[in-house]
Amino acid sequence: MADIKKKETGQQWFYSDTVKEHFLHPHNMANEDKLIDEMRPNAMGEVGSPACGDVMKMWLHIDDGRIKKCLWRTFGCASAIASTSVLSEMVTEKGGMTLEEAEKIRPKDIIKRLGGLPPLKVHCSVLGDQALRAAIADYKKKAE
Ligand code: FES
């Protein structure tokens with residue numbers, strides 16, 4: 001019993017090197033307002049997590065149907081920071097994803113790229129994913 005508990009605890013709080021790297025050196029984080037001004041965002045999404053009450057804001061610059069730039073800011077935890085950092089890379093690399101491609105991303109894709117997340121932290125990866133969807137919806141609404 002004690003072994004099982006120990007094993008479960010170990011699994012629950014294992015952070016991959018990728019999670020640690022992105023938490024310590026987050027990519028595309030909007031830590032200064034001027035970064036947001038410079039990117040000329042044409043879409044913005046803001047969501048709160050029902051699981052923990054944390055908030056995520058995301059700005060996109062979409063050009064020719066592709067996400068060229070993605071900035072984000074959160075009051076979320078280390079897992080939310082790492083998750084959204086890799087998500088911002090995923091949507092902007094190789095010339096940027098189309099909106100349709102980006103809408104197909106699921107939290108499990110983010111977690112896979114992170115090399116896993118502790119089960120109790122899976123909801124943190126949902127925050128960036130939901131903010132991305134909200135920003136794409138904002139862009140589509142403005143384009144109507
Ligand atoms: Fe709130 Fe992770 S605990 S985002």
Side-chain angles (χ1 to χ4, degrees), residues 1-63 66-142:
M1 180 71 177
D3 280 351
I4 292 171
K5 199 164 182 93
K6 190 175 170 190
K7 192 175 174 197
E8 282 176 357
T9 305
Q11 286 174 344
Q12 282 170 352
W13 296 108
F14 171 77
Y15 287 100
S16 70
D17 288 344
T18 309
V19 171
K20 289 179 208 159
E21 177 60 26
H22 279 270
F23 168 59
L24 293 173
H25 308 286
H27 299 186
N28 303 308
M29 190 159 76
N31 50 4
E32 289 180 53
D33 286 345
K34 75 176 178 122
L35 292 176
I36 302 165
D37 294 340
E38 284 167 8
M39 84 177 289
R40 295 180 294 112
N42 50 13
M44 197 278 280
E46 182 172 9
V47 293
S49 166
C52 64
D54 286 326
V55 174
M56 174 75 66
K57 220 167 174 178
M58 185 175 282
W59 295 265
L60 302 177
H61 181 84
I62 299 165
D63 187 27
R66 289 185 179 273
I67 300 173
K68 296 295 182 185
K69 291 179 188 161
C70 172
L71 288 175
W72 53 275
R73 185 180 285 171
T74 188
F75 296 113
C77 68
S79 298
I81 290 170
S83 300
T84 313
S85 177
V86 296
L87 174 63
S88 69
E89 280 188 345
M90 289 163 76
V91 297
T92 55
E93 64 196 2
K94 297 175 192 157
M97 281 189 175
T98 64
L99 302 186
E100 293 70 27
E101 287 167 340
E103 283 174 321
K104 285 185 191 148
I105 296 176
R106 293 287 174 267
K108 69 176 169 56
D109 303 316
I110 300 168
I111 292 168
K112 186 174 173 192
R113 177 127 164 188
L114 282 171
L117 263 185
L120 289 173
K121 288 291 178 181
V122 167
H123 74 269
C124 311
S125 67
V126 175
L127 216 45
D129 177 71
Q130 294 293 316
L132 174 65
R133 282 168 211 290
I136 292 173
D138 176 54
Y139 180 81
K140 287 183 172 176
K141 195 172 173 192
K142 286 177 187 161

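Both counts, for ligands and for their atoms, begin at 1 and track the order of listing. In what follows, residues are counted from 1 in the order of the sequence shown.
Not counting sequence neighbours, the partners of Glu21 by the side-chain contact (heavy atoms from CB on, under 4.5 Å) test are His25.
At a threshold of 4.5 Å between non-hydrogen side-chain atoms, the residues Trp72 and Ser85 count as touching.
Taking a cutoff of 4.0 Å between a charged side-chain nitrogen and a carboxylate oxygen, Asp129 and Lys108 do not qualify as a salt bridge.
Between the OG1 atom of Thr18 and the CD1 atom of Ile111 there is a distance of 13.0 Å, given to the nearest 0.5 Å. A distance of 11.0 Å separates CD of Gln130 from CE of Met58, quoted to the nearest 0.5 Å.
The set of protein atoms (N, O or S) found at less than 2.8 Å from atom 2 (Fe) of ligand 1 reads Cys77 SG, Cys124 SG, by chain and number.
Across all non-hydrogen atoms, the minimal contact from Pro107 to Val126 is CG-CG2, 3.8 Å.
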